[in-house]
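I have placed the structure first, in the form of structure tokens, so that the comments after it can refer back to it.
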2 protein chains.
Amino acid sequence: MSSTAERSAERRAPLTRGRVLESAVELADTAGIDALTIRRIAERLGVEPMSLYYHVRNKEAILDGAVELVFTEVEQASGGFAVPETDAAWKSSLRTRILAARTVMLRHPWAPGVIDSRTDLGLATARYVDSVVGTLRSGGLSYDLIHHAMHALGSRMFGFTQELGEPDDESGDAAVMEQMAAQVPHLAAMLAVVRHVDPDSTLGWCDDQFEFEFGLDLILDGLERLTRADRPRPARS
Amino acid sequence: MSSTAERSAERRAPLTRGRVLESAVELADTAGIDALTIRRIAERLGVEPMSLYYHVRNKEAILDGAVELVFTEVEQASGGFAVPETDAAWKSSLRTRILAARTVMLRHPWAPGVIDSRTDLGLATARYVDSVVGTLRSGGLSYDLIHHAMHALGSRMFGFTQELGEPDDESGDAAVMEQMAAQVPHLAAMLAVVRHVDPDSTLGWCDDQFEFEFGLDLILDGLERLTRADRPRPARS
DNA sequence: ACCTGAACACCGTTCAAGT
DNA sequence: ACCTGAACACCGTTCAAGT
């Protein structure tokens, strides 16, 4: 039987959970999240679709695992998740870590959406979050304020923000601009001023580095101000 | 032929684009976004699946339309999208409008995800965004700052924020807590303090009204500060 | 003009079976 | 222990056809 050309078990490394997840990430990176199907992962691995089920429970588990791989990358990009015992520069330290997460997300444009659809945190993700909490704590913020801070940061904590698409259509057209000016005058006026449509930004409308950092700093500065206001009395627990 | 019981055309109002979209919204509200399929919408309307294609181009168009219905509700809840010519109280005015959007989103838990997946704005959505731009402008912010502000607000502008699920599992368990304390000590410490797990919040982890308003106000206050700093020189058009 | 039936090319997943 | 084949219950969508 070793003569049949179709035998795949020996011309391929054995299937493992790890290889399935890596393959899933690569597929999503190259072909997009819609192409991430059990059947296409199997095809990529030179294996029958049903074989995957021996190594992962179902598709959700593959998505969970893919997110875990992403946060493993974040850990590397971040030079580990160590939190200094005491850190006066919590703000810049946190800023750097979040921007590191962002560079990883830019490599995996599908990640924001998938992260967002997860119901619970895996270990790698939780360890990242833990490092954020720890860094804020090192800055003397109370756990209550830290909690609020993390809600305020939202997905920005993971290096991305969700934005909405552009107004309807090819807005180079003069007729379209005219119609926009009639229907949404304020929006049209703003676009006329800021017009920096950026089709390369895979994370959404104009979501380039500058805008991300602007929003991030607005929040971090606000938190710093709140901490200072809190300083007179000791940080709660 | 009028004797056959299966004739549906006369016992049902005629199919229209509007009825399709309303039906889609109701279905998503009651059965969840995963249940929103062409086939189930048709079933609900007492019609064959293929009939829908006469009134809408495809499923994406249905999702587009459903979002438009949501923002029509936002307009009603907001008492219209009028923008005052001049408004010293831009901050409270914007705050109120965004919180109105939020109450609508809470009625349609599927909306955040769908909104997020749209590639371009429909008219109703654009008119909402326009009213936000207009309100900020009435407060004297420059269009540049308004642009940054809208990125900073992100999905909060639409009344929601994306958050991540809870750490792994049933964290009432003492053994689980112990393991968490070992693996993610800072996170565990925070949770021990703030523990207000809210399973009813359909918009995500602890994303209750308070946290939403905290984050919103952090941003609005930051913007206000930036505007004041900008005041000496005239607002850049 | 409006709706339908049959068919196509996909999904994720089960279950019993192979080696 | 690890992989597979056949089958099931779904999808969205096309196309030609009915009334």
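Basis for what follows: all heavy atoms, side chains included, without hydrogens, waters or symmetry-related copies. Below, read A as the first sequence line, B as the second, and so on, with proteins coming before strands; counting in each chain starts at 1.
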Measuring from the side chain of [X] (C-beta onward, heavy atoms only), which nucleotide among [options] has the closest atom?
X: B:Met50; options: C:dG12, D:dG5, C:dA6; result: C:dA6
X: A:Lys59; options: D:dC3, C:dG12, C:dC3; result: C:dG12
X: A:Ser51; options: D:dC3, D:dT13, C:dC11; result: D:dC3
X: B:Leu15; options: C:dT4, C:dA7, C:dC3; result: C:dC3
X: A:Glu48; options: D:dT13, D:dA7, D:dG5; result: D:dG5
X: B:Ile38; options: C:dT4, D:dG12, C:dG12; result: D:dG12
X: A:Thr37; options: C:dC3, C:dG12, D:dT4; result: C:dG12
X: B:Val47; options: C:dT4, D:dT4, D:dT13; result: C:dT4

Interatomic distance, [X] [atom1] vs [N] [atom2] [rounded to whole Å]:
X: B:Arg17; N: C:dC2; atom1: CZ; atom2: C1'; result: 17 Å
X: A:Tyr53; N: C:dC15; atom1: OH; atom2: P; result: 13 Å
X: B:Leu45; N: C:dC2; atom1: CG; atom2: C1'; result: 15 Å
X: B:Glu60; N: D:dG12; atom1: CD; atom2: P; result: 11 Å
X: A:Asp34; N: C:dG12; atom1: CG; atom2: P; result: 11 Å
X: A:Arg19; N: D:dC2; atom1: CZ; atom2: P; result: 14 Å
X: A:Ile62; N: C:dG12; atom1: CD1; atom2: P; result: 8 Å

Item to complete: Scan side-chain atoms only and decide if B:Thr161 and B:Arg156 contain a donor-acceptor pair under the 3.5 Å cut-off.
Response: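 Absent: no donor and acceptor within the cut-off.
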
Discussion item. Counting only Watson-Crick pairs (N1-N3 plus N6-O4 or O6-N4) and G-U wobbles (N1-O2, O6-N3), all under 3.5 Å, who is the partner of D:dT13?
Written reply: C:dA7

Worksheet item: Using purine N1 to pyrimidine N3 plus N6-O4 or O6-N4 for Watson-Crick, or N1-O2 and O6-N3 for G-U wobble, each under 3.5 Å, what pairs with D:dT19?
Response: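 In the structure as shown, D:dT19 has C:dA1 as its Watson-Crick or wobble partner.
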
Discussion item. Any side-chain N or O of B:His55 below 4.0 angstrom from OP1/OP2 of C:dA1?
Written reply: no

Item to complete: Please determine if a side-chain N or O atom of B:Tyr54 lies less than 4.0 Å away from the OP1 or OP2 oxygen of C:dC2.
Response: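 Checking C:dC2 against B:Tyr54, a side-chain N or O does come within under 4.0 Å of OP1 or OP2.
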
Worksheet entry | Lys/Arg-Asp/Glu bridge criterion (N-O < 4.0 Å) met for B:Arg107, B:Asp29 |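 Salt bridge absent between B:Arg107 and B:Asp29.
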
Fill in: Parallel, tilted or perpendicular, as decided by the 30° and 60° cut-offs, for the rings of B:Phe158 and B:Phe160
parallel

Discussion item. Tell me the closest heavy-atom pair linking A:Ile62 and A:Leu21, and the distance in Å.
Written reply: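 Shortest heavy-atom separation between A:Ile62 and A:Leu21 comes out as O-CD2, 3.7 Å.
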
Discussion item. Between A:Gln183 and B:Arg127 (side chain of the first, backbone of the second, donor and acceptor by atom type, cut-off under 3.5 Å), is there such a pair?
Written reply: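 Answer holds: no.
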
